[in-house]
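Written below as structure tokens is the structure these notes are about.
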Protein chains: 2
Amino acid sequence: MEDVAREAGVSRALVSLVFRGQPHVSERRRTAVLEAADRLGYRLNAAASSLASRQSRIIGLVVNDLSNPYLVAGTEALQERAESVGRRLILGLAKRDAEHEQAAIETLLQHRPDALILAGTVLPKAVLTRFGRQVPTLVMGRIVRDASVDCIAIDDARGAELVVEHLAGLGHSRILHVDGGGGAGAAPRRTGYRKTMTRLGLAEHIDVMAGDFTEQAGANAARQLLDRDVLPTAVFAADDLVALGVLDVFRGAGVAVPEDVSVVGFDDSTIARLQAISLTSVSQPVLHMSSLAIDAVLARLEDPTAGYRAVVVPPQLVIRGSSGTPRPATA
Amino acid sequence: MEDVAREAGVSRALVSLVFRGQPHVSERRRTAVLEAADRLGYRLNAAASSLASRQSRIIGLVVNDLSNPYLVAGTEALQERAESVGRRLILGLAKRDAEHEQAAIETLLQHRPDALILAGTVLPKAVLTRFGRQVPTLVMGRIVRDASVDCIAIDDARGAELVVEHLAGLGHSRILHVDGGGGAGAAPRRTGYRKTMTRLGLAEHIDVMAGDFTEQAGANAARQLLDRDVLPTAVFAADDLVALGVLDVFRGAGVAVPEDVSVVGFDDSTIARLQAISLTSVSQPVLHMSSLAIDAVLARLEDPTAGYRAVVVPPQLVIRGSSGTPRPATA
DNA sequence: CTGAAAGCGCTTACAG
DNA sequence: CTGAAAGCGCTTACAG
């Protein structure tokens, strides 16, 4: 920086101002500085800036389960939005395992991120609170009722409601749910399913199988179903991966979808959209949510004392080929 | 750190030693320091370490096109391996566009990564050389003959050879290739196709359509094919996404796969493995390659003056349902 | 192992 | 705008 100042014939302080994009610098000197920097191949040292300014301009992102295409899309969108506001993402990966996730966060914090975004976190509320008190934290995909973290998620219960209403509207009554276990959003989806079944007079058909957000869980559930005397006419899977597992096993066993059984997923991930899969699914507007997430982080940085904020985004059902009317005969 | 030293009753220097995991510290003092740090909620400041030690322990990863499941798997594997050797990934995303990619690298370099990994780079050799001279750089998915960057890739030409041999072995002769344009590895795949066709006496059937590594490109190619008088009996797509685009359009047009046309992809991504897709594809051992990549980076850091290294990993063909014998009638 | 010192490359605040 | 100074939180090297 010293060298750049000399080369451009200005003071060190001015160089710093230019690189931070401060307004009160004359155009002449600004270009002189930038050209000098270019000639010398100078590049701001982010570590030094971070240390001196107490701002890292880094956002720590912890993604649970990058094998989920839905979270991949979210990561991509977050990265783009973060970049557009001059922040860089530093990545932590976890696999829906609280211990790993916590460890990932701990090391991320060594880089003193300005904020933390936790996508699909499986951490208990108490732990989230603790992190939230150390650094501005945003939880994506789950609503945590706690003043120390901001949240953004779709209305999972409403999503489940849309699914059950859709299936019931087609004439289904034996609608089974394979749930997402302790995953982010799994609980409200389960509750939404139960409530809507009850509201529609289908309480006696409520049937929940335990799962998690993996293809494996869906496959397991489907195999267990095949052992039963009678199949449900529709399966509502906790997410698209679960639905995929169900579809694969059904396909292998000669169960026709949607003729024998309708299958519905959740997330509207890239997988659901494949023509060969064509899965009816609840859409989460990833781009929109990612944009809101970065906005929320910036707002929080500007006003750290602002109140708790939770944004709930409405879901939308995307109907594709995997759901249809039940066979009249099987009723 | 001062406080931790006081709390543990040791010197600041000792605290630093403990946190850097240095060996010559007595067990007693080590635990005393760690416990004191825990009590005070102390965490090493990565920016300060980076500045003082001239080592960031950060690896900059630039991924072209996170919409490609193959590159996602690679990212995940790299992250895991990097973590196991105490490094953190800082992410840059590009979309097979040289300008964006270069800009992403520039800002990554502000964080002074110990090394740079470029996955699926589309940058011209001259630019790669320039970066390679500034920071240890590893190119994944493409072999660049340049002493300033290390490379790791599968043998793309051999992969193409395996595909053509497989299809020819099934009895195909009219084997068309939809290529990957300027994408990493596209050129050797194209060449491998041409050479093998020639070697097998099928030179007159060589037929290359221009594409890139997207579903869209595959769909476009398939649509053009449908306008022709006669379809090829097999399509070798530059990667799985291209193959997916081909499959979707064929499916929509009532072209049966593999009965009417066999389709083969490249990457053996998660998509190829889906039962509903069941795409014959060339497998790139992502986990293995990611592991080699981190090893190569570490080796380079230990010995910056070592010679140019390029590792070529052998590919493997995974045969699934999308390829079969050609219809006898159509010959 | 300790203790004191210098320095990494910036930002910040201030007098001019 | 300049110029000089202090400081961010570490690491490094060194004498003891």
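All of these numbers come straight from a predicted model, not from anything done at the bench. All chains are named by letter (A, B, ...) in the order of the sequence lines, taking the proteins before the strands, and each is independently numbered beginning at 1.
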Exercise for the section: List the atom of B/C151, the atom of B/R142, and the distance in Å for their closest heavy-atom pair. Expected result: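 Here B/C151 and B/R142 meet closest at CB-O, 3.6 Å.
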Would you tell me if any nitrogen or oxygen in the side chain of [X] comes within less than 4.0 Å of OP1 or OP2 on [N]?
| X | N | result |
| --- | --- | --- |
| A/R29 | D/dT2 | yes |
| B/S49 | D/dC10 | no |
| B/S50 | D/dC10 | no |

Problem - Touch class at under 4.0 angstrom, heavy-atom based, for A/R43 against every strand present - result: sugar-phosphate
Practice task
Report which part of the nucleic acid A/R20 touches: base, sugar-phosphate, or nothing (heavy-atom distance under 4.0 Å, all strands).
Solution key: base
Problem - Nucleotide-level pairing of DNA chain D, given in dot-bracket where Watson-Crick and G-U pairs need both distances under 3.5 Å and | marks other strands - result: |||.||||||||.|||
Handout entry: Sole residue of A/E101, A/H100, A/R96 in side chain to side chain donor-acceptor pair (under 3.5 Å) with A/N64
Key =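 Answer to the side chain to side chain donor-acceptor pair (under 3.5 Å) test with A/N64 among A/E101, A/H100, A/R96: A/E101.
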Problem - Rounded distance [0.5 Å steps], CD in A/Q102 versus OG1 in A/T107 - result: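 Taking CD in A/Q102 and OG1 in A/T107, the distance rounds to 11.5 Å.
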Practice task
Drop me the distance from B/L66's CG to A/L66's CG, to the nearest 0.5 angstrom.
Solution key: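 Output value for this atom pair is 6.5 Å.
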Please pick, from [options], the nucleotide with the shortest atom-to-atom distance to any side-chain atom of [X].
| X | options | answer |
| --- | --- | --- |
| B/S11 | D/dC1, C/dG3, D/dC10 | C/dG3 |
| B/S16 | D/dT2, C/dC1, D/dT12 | D/dT12 |
| B/S53 | C/dG3, D/dT11, C/dC1 | D/dT11 |
| B/A52 | D/dC10, C/dT2, D/dT2 | D/dC10 |
| A/R54 | C/dC10, D/dC10, D/dC8 | D/dC8 |
| A/A13 | D/dC8, C/dT2, D/dG3 | D/dG3 |
| B/V25 | D/dC10, C/dC10, C/dC1 | C/dC1 |

Handout entry: Side chain to side chain, B/L91 and A/I90, heavy atoms closer than 4.5 Å
Key =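 Counting from C-beta outward, B/L91 and A/I90 never come under 4.5 Å.
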Problem - Side-chain touch A/R112/B/R43, heavy atoms, less than 4.5 angstrom - result: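 Yes, their side chains come closer than 4.5 Å.
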To the nearest angstrom, how far is [X] atom [atom1] from [N] atom [atom2]?
| X | N | atom1 | atom2 | value |
| --- | --- | --- | --- | --- |
| A/D3 | C/dG9 | CG | C1' | 12 Å |
| A/L14 | C/dC10 | CG | P | 15 Å |
| B/L44 | D/dT11 | CG | C1' | 10 Å |
| A/Q110 | D/dG9 | CD | C1' | 13 Å |
| B/L17 | D/dT12 | CG | C1' | 10 Å |
| A/N45 | D/dC10 | CG | P | 16 Å |
| A/R12 | C/dG9 | CZ | P | 10 Å |
| B/R28 | C/dC1 | CZ | C1' | 12 Å |

Practice task
Could you tell me if the ring centre of B/F19 sits under 6.0 Å from that of B/Y42?
Solution key: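 Yes, the ring centres sit under 6.0 Å apart.
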Exercise for the section: By nearest nucleotide on DNA chain C, pick out whichever of B/G9 and A/L51 is the more 5' one. Expected result: B/G9
Exercise for the section: Examine the side chains of B/T214 and B/D212 and answer whether a donor and an acceptor come within less than 3.5 Å of each other. Expected result: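 Yes.
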